[in-house]
Amino acid sequence: MIIGVPAEIKNNENRVAITPAGVEALRKAGHEVYIQASAGIGSGFSDKEYSDKGAVILDTAAEVWSKAEMIIKVKEPLPEEYGYFRKGLILFTYLHLAPEAELTKALVDSGVTAVGYETIQLEDGSLPLLIPMSEVAGRMAVQIGAGLLEKPHGGKGVLLGGVPGVHPGEVVIVGGGIVGTNAAKIALGMGARVTVLDLNAGRLRALDDIFGGRLVTVMSDSYHLEQAVRRADLLIGAVLIPGARAPKLVKEYMVQQMEEGSVIVDVAIDQGGSIETIDRITTHENPTYVKHGVVHYAVANMPGAVARTSTLALTNVTIPYALQIANLGIHAAAVQSAALARGLNVVAGQVTNAAVAGSLGYEYTDGIQVLAAGGDS
């Protein structure tokens, strides 16, 4: 198979979809790899490192997209890339389609087979291609929030860890999954008081065991959520429903009760955000805005700021699936791997992920059936 890796064009997205080691693995399996010039620079990989492993370096994104049978990316395509879509092309990347009606329509209209990293799901419900970036984003959320709490950055002037004789900062995390667990780990390490809310009592018990009772676990409902949000210095949104738009759990009236200079970091923003006052996506260039006196951070590609770490962590888990698709073709690969089949979001003009279809009003169609009927790329 001919595989193309264009440079990412999202604001301050410094990750790249493949490392030289990934090129080597694909080349050894007999595949061709085309990479846009300088695509890896932001993650610390030179064109020479790629070419030494057998990749062909092309000058423009248009060349890469036109030659490839499968495009591997990090972030969802932006409108300026929609013109590269064509029937028979496989797109393998993070898609987050539930809040992206325009992108979904472009994929449906073009006949692209789109496989979303974030919806590849194992039998135990885990999301192996989302986990490493959730780990990164969860850890970053506290790191970023701690900085934003500083007075020069618009915060209330609270040091999360406090000092002897002074209360530490209060971190409230909504969602006890991978993001929430990693955020709690860093917040506790900084000495903050940490509260995690979740709907799953079993998950709360697990967190209590993991952290030895050092954090407070609370069953999430509107009453307890309001109480926790009101006292938070740093509020972290860490809610995920695979493939679907994130539910707006934290209501505007709750945010209005927070103290001026408090900070919200919503890691769920790439699925639409879990906090009602998160009404826009921000960028690494302009990451925050203030609403009701509260600093809001809503960057949808947080891990792009720590690109070297993120690229290595991401490609560790994506390349085995890319190899499976390249070796077998998308139809056979999806038949062989139920996890990969769950990653099919759009196939031959049909929406093949139930959560995406439900979020955007499309009819859901089983992806394997579409491929079997001739949608194989």
Side-chain angles (χ1 to χ4, degrees), residues 96 99 134 136-160 168-188 190 192-198 215-216 218 220 222 224-241 245-303 305:
H96 298 292
S134 295
V136 170
R139 296 178 184 214
M140 284 185 70
V142 178
Q143 179 177 304
I144 290 165
L148 293 175
L149 279 168
E150 296 171 8
K151 203 67 177 176
H153 296 145
K156 60 171 67 173
V158 167
L159 180 66
L160 277 187
E170 184 79 36
V171 177
V172 173
I173 302 167
V174 183
I178 302 298
V179 169
T181 300
N182 280 272
K185 185 178 297 185
I186 301 305
L188 288 169
M190 295 178 76
R193 292 185 299 192
V194 179
T195 299
V196 178
L197 297 100
D198 199 281
L215 51 68
V216 176
V218 177
S220 185
S222 59
H224 290 107
L225 189 57
E226 179 181 353
Q227 298 296 313
V229 169
R230 181 187 298 134
R231 67 173 184 271
D233 297 308
L234 170 59
L235 174 65
I236 297 173
V239 177
L240 174 71
I241 300 174
R245 181 180 283 272
K248 298 287 188 183
L249 297 179
V250 177
K251 306 301 183 182
E252 185 164 5
Y253 77 86
M254 298 179 187
V255 174
Q256 289 174 317
Q257 297 178 49
M258 297 176 73
E259 290 184 358
E260 185 172 342
S262 299
V263 173
I264 294 174
V265 176
D266 195 353
V267 182
I269 185 59
D270 53 11
Q271 288 291 128
S274 60
I275 292 156
E276 209 165 58
T277 49
I278 296 285
D279 55 9
R280 73 199 78 164
I281 293 175
T282 62
T283 67
H284 287 292
E285 280 185 359
N286 296 290
T288 64
Y289 62 91
V290 177
K291 191 167 187 176
H292 303 308
V294 176
V295 180
H296 291 61
Y297 177 98
V299 175
N301 60 326
M302 291 172 64

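When reading the values below, keep in mind they use all heavy atoms of this one structure, side chains included, and skip hydrogens, waters and symmetry mates. For the single chain, residues carry numbers from 1 onward in sequence order.
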What one should report as the nearest heavy-atom pair of Lys248 and Ile278 is NZ-O, 3.4 Å

Work out which heavy atom in Ala300 is nearest to a heavy atom in Ile281; give both atom names and the distance. CB-CG2, 3.8 Å

So CZ of Arg139 and CD1 of Ile144: to nearest 0.5 Å the spacing works out to 14.0 Å

For the residue pair Ala305 and His284, what are the closest heavy atoms and their distance? CB-CE1, 3.6 Å

If the test is side chain to side chain contact (heavy atoms under 4.5 Å, CB included), which one of Arg230, Gln227, Glu226 qualifies with Met254? Glu226

Check Arg280 against Ala298 and note the closest heavy-atom contact, atom names and distance. O-CB, 3.4 Å

Backbone N or O of Lys251 within a donor-acceptor pair of the Glu276 side chain at under 3.5 Å? no

Would you call Val179 and Ser134 a side-chain contact if the rule is heavy atoms closer than 4.5 Å? yes

Between Val171, Val142, Leu160, which is the residue that forms a side chain to side chain contact (heavy atoms under 4.5 Å, CB included) with Ile186? Val142

Sidechain-backbone polar pair: Thr282 side chain, Pro287 backbone, donor-acceptor under 3.5 Å: yes

Rounding to 0.5 Å, atoms OH (Tyr297) and CE (Met140) come to a distance of 5.0 Å

Does Tyr289 form a side chain to side chain contact (heavy atoms under 4.5 Å, CB included) with Asp279? I'd like the steps, not just the answer. CA-CA 10 Å; Tyr289 62 91; Asp279 55 9; 3.3 Å; yes

Exercise: do Thr277 and His292 side chains pair donor with acceptor under 3.5 Å: no

If every non-hydrogen atom of Ala137 is compared with every non-hydrogen atom of Met302, which pair is closest and at what distance? O-CE, 3.6 Å

Could you list the donor-acceptor pairs under 3.5 angstrom formed by side chains in residues 258-266, with sequence neighbours left out?
unit_1	atom_1	unit_2	atom_2	d
Glu259	OE1	Lys156	NZ	3.0
Ser262	OG	Lys156	NZ	3.0
Ser262	OG	Ala232	O	3.4
Ser262	OG	Glu259	O	2.8
Asp266	OD1	Ala268	N	3.1
Asp266	OD1	Ser274	OG	3.1
Asp266	OD2	Ser274	N	2.7
Asp266	OD2	Ile275	N	3.3

Audit row: Ile236, Val267, side chain to side chain contact (heavy atoms under 4.5 Å, CB included) steps and yes/no: CA-CA 7 Å; Ile236 297 173; Val267 182; 4.2 Å; yes

Are Leu235 and Val174 side-chain neighbours, meaning at least one heavy-atom pair lies under 4.5 Å? yes

Answer yes or no: is there a side-chain heavy-atom contact under 4.5 Å between Val250 and Leu225? yes

When rounded to the nearest 0.5 angstrom, what distance separates CG in Leu215 from CD1 in Ile173? 7.5 Å

Backbone N/O of Gly138 and side chain of Asn182: donor-acceptor pair under 3.5 Å: no

Distance (rounded to the nearest 0.5 Å) between His96 NE2 and Gln271 CD: 5.5 Å

For residues Val196 and Gly175, report the shortest heavy-atom separation together with the two atoms involved. CG1-O, 4.0 Å

Decide yes or no for Thr195 and Arg231: does some side-chain heavy atom of the first lie under 4.5 Å from some side-chain heavy atom of the second? yes

